[in-house]
Number of protein chains: 2
Amino acid sequence: MNIKDAGARAGLPAKTIRYYEEIGLVTPPRDTNGYRAFREADVHKLAFLGRARALGFTIEDCRTLLSLWEDDSRASADVKALAREHLAEIDAKIAALQDMRATLSDLVDRCAGDHRPDCPILQSIAGDQVPT
Amino acid sequence: MNIKDAGARAGLPAKTIRYYEEIGLVTPPRDTNGYRAFREADVHKLAFLGRARALGFTIEDCRTLLSLWEDDSRASADVKALAREHLAEIDAKIAALQDMRATLSDLVDRCAGDHRPDCPILQSIAGDQVPT
DNA sequence: GATGGGGTTCCAGTTACGGGAAGGTCAAGA
DNA sequence: TCTTGACCTTCCCGTAACTGGAACCCCATC
């Protein structure tokens with residue numbers, strides 16, 4: 001199977017697949033014409049990567065997850081630990097974004113949003129004390 | 001004032017300030033020795049940038065915000081519109097992260113996390129149907 | 001034989017800096 | 001006066017995970 005079809009089946013663009021090969025995540029064999037020849041196992045692996053990435057795992061996490069997946073003697077504890085760490089990072093990001101959101105949303109609500117220049121948003125960013 | 005002190009007062013590392021100068025966000029004059037000589041207004045501008053960045057605005061947004069800030073005839077509607085767009089992006093990111101979080105958290109809960117290889121997390125990423 | 005749609009490699013750009021090298025400047029102490 | 005040590009300068013590379021594009025090759029079809 002050529003790269004585009006493999007990508008279609010795995011849900012990944014060809015560019016991404018080439019990149020994954022470059023960094024050693026997949027190693028499809030080559031046809032005599034130099035084209036990558038994807039086997040079922042390669043496509044499966046690519047789909048695995050796509051789903052892991054969709055869950056927000058980094059490429060290095062994906063590399064680890066792949067090796068765990070392929071290791072029949074893995075301990076599920078190792079997978080769980082990795083997932084937990086990632087979950088903690090997600091939580092941290094959500095918290096940071098929610099902080100931003102709260103501040104910004106408050107400022108937006110206080111801004112008249114008309115033709116006049118007075119703007120609590122700018123005042124706040126400028127470090128001025130904005131009266132409540 | 002030299003770069004380190006300006007950074008201390010604005011809450012930014014020197015590297016960041018040099019970068020901001022490079023991309024034209026600030027233009028402190030130079031002393032005869034070539035050192036950047038920050039005025040109060042420069043420090044204030046840097047602090048403005050720091051706070052805008054802390055709210056998650058991109059550098060380009062910051063550039064726009066700065067020009068609005070310095071424009072006495074601005075309309076607060078323009079500031080509000082920019083803030084609203086940014087708020088929408090934040091909301092989108094939060095939503096995406098919460099989706100990830102929900103899926104991942106569910107999988108983590110279902111994983112025994114022991115010495116055995118069976119792992120709903122890997123099964124799910126591999127695309128297998130995991131029984132509820 | 002031309003055309004169109006694959007494929008290939010390689011290089012540059014993205015965001016917002018951080019690290020580090022090589023070298024100039026300055027104030028203070030021996 | 002000389003020497004530290006702490007500044008400052010520029011310049012270049014590296015980050016994450018791709019994406020876009022150029023230049024070129026391959027294959028099937030009309």
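Treat the numbers as computed from the prediction; the structure is a model and nothing was measured. Lettering follows sequence order; numbering is per chain, from 1.
Look at A:Tyr20 and you'll find a side-chain N or O under 4.0 angstrom from OP1 or OP2 of D:dC18.
One distance of note links CD1 of B:Ile3 with CD1 of B:Ile17; it measures 5.0 Å at 0.5 Å rounding.
The cluster map of Ile, Leu, Val, Met, Phe, Trp and Tyr, joined by side-chain heavy atoms under 4.5 Å apart, puts A:Leu25 and A:Leu46 in the same cluster. When the side chains of ILVMFWY residues are joined at heavy-atom separations under 4.5 Å, either directly or via intervening members, A:Ile59 and A:Ile90 end up in a single hydrophobic cluster.
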Anything under 3.5 Å between a protein N or O and an N or O of nucleotides 1-4 of chain D, put it in a table, one pair a line.
none

Protein-nucleotides 8-10 of chain D N/O pairs under 3.5 Å:
from, atom 1, to, atom 2, distance (Å)
D:dC8, OP1, B:Ile3, N, 3.4
D:dC8, OP1, B:Lys4, N, 2.9
D:dT9, OP1, B:Arg36, N, 3.0
D:dT9, OP1, B:Arg36, NH1, 2.6
D:dT9, OP2, B:Arg18, NE, 3.2
D:dT9, OP2, B:Arg18, NH2, 3.1
D:dT9, OP2, B:Arg36, NH1, 3.2
D:dT9, O5', B:Arg36, NH1, 3.3
D:dT10, OP1, B:Arg30, NH1, 3.3
D:dT10, OP1, B:Arg30, NH2, 3.1
D:dT10, OP2, B:Arg36, NH1, 3.4
D:dT10, OP2, B:Arg36, NH2, 2.8

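Between A:Leu65 and A:Ala52, the shortest heavy-atom distance links the atoms CD1-CB, 4.2 Å. For B:Leu55 against A:Met100, the heavy-atom pair with the smallest separation is O-SD, 3.5 Å. Shown here for B:Cys111 and B:Cys119, the closest heavy-atom pair between the two residues is SG-SG, 3.8 Å.
Residues passing the side-chain hydrogen bond (donor to acceptor under 3.5 Å, both in side chains) test with A:Arg51, sequence neighbours excluded: none. Residues meeting the ring-ring contact (aromatic ring centres under 6.0 Å, His included) test with A:His115, sequence neighbours left out: none. Residues passing the ring-ring contact (aromatic ring centres under 6.0 Å, His included) test with A:Tyr20, sequence neighbours excluded: none.
Salt bridge present: A:Arg39 and A:Asp42 bring a charged side-chain N and a carboxylate O closer than 4.0 Å.
Between A:Pro117 and B:Asp72, the closest side-chain pair of non-hydrogen atoms is not below 4.5 Å. Side-chain contact between A:Val26 and A:Leu49: present, with at least one pair of heavy atoms (C-beta onward) separated by less than 4.5 Å. Looking only at side-chain heavy atoms (C-beta outward), B:Phe57 and B:Thr64 stay at 4.5 Å or farther from each other.
Straight-line distance from the CG atom of A:Asp31 to the C1' atom of D:dC27: 12 Å, rounded to whole Å. Protein atom CG of A:Leu12 is 12 Å distant from nucleotide atom C1' of D:dA17, rounded to whole Å.
Classified by interplanar angle (parallel below 30°, tilted 30° to 60°, perpendicular above 60°), the ring pair B:Trp69/B:Phe48 is parallel.
Sorted by first and then second residue, the salt bridge (charged side-chain N to carboxylate O under 4.0 Å, His left out) pairs involving residues 22-33 of chain B (not counting sequence neighbours) are B:Glu21-B:Arg30. Annotation: side-chain hydrogen bond (donor to acceptor under 3.5 Å, both in side chains) contacts involving residues 2-17 of chain A, sequence neighbours excluded, comprise A:Arg9-A:Glu40. Evaluation of the side-chain hydrogen bond (donor to acceptor under 3.5 Å, both in side chains) test over residues 74-89 of chain A, restricted to residues two or more places apart or in two chains, returns A:Ser76-B:Asp114.
For DNA chain C, the span of nucleotides reached by chain B at under 4.0 Å from its heavy atoms goes, 5' to 3', from C:dA16 to C:dC26.
In this structure, A:Arg63 contributes its side chain and A:Ser67 its backbone to no donor-acceptor pair below 3.5 Å.
Defining each end axis of the helix from C:dG1-D:dC30 to C:dA30-D:dT1 as the rotation carrying four pairs' C1' atoms onto the next four, with five pairs an end, the two axes are found to diverge by 40° to 10 degrees.
Within a heavy-atom distance below 4.0 Å of DNA chain C, no residue of residues 89-101 of chain B is found. A heavy atom closer than 4.0 Å to some atom of DNA chain C occurs in B:Arg53, B:Thr58, B:Ile59, these being the qualifying members of residues 41-62 of chain B.
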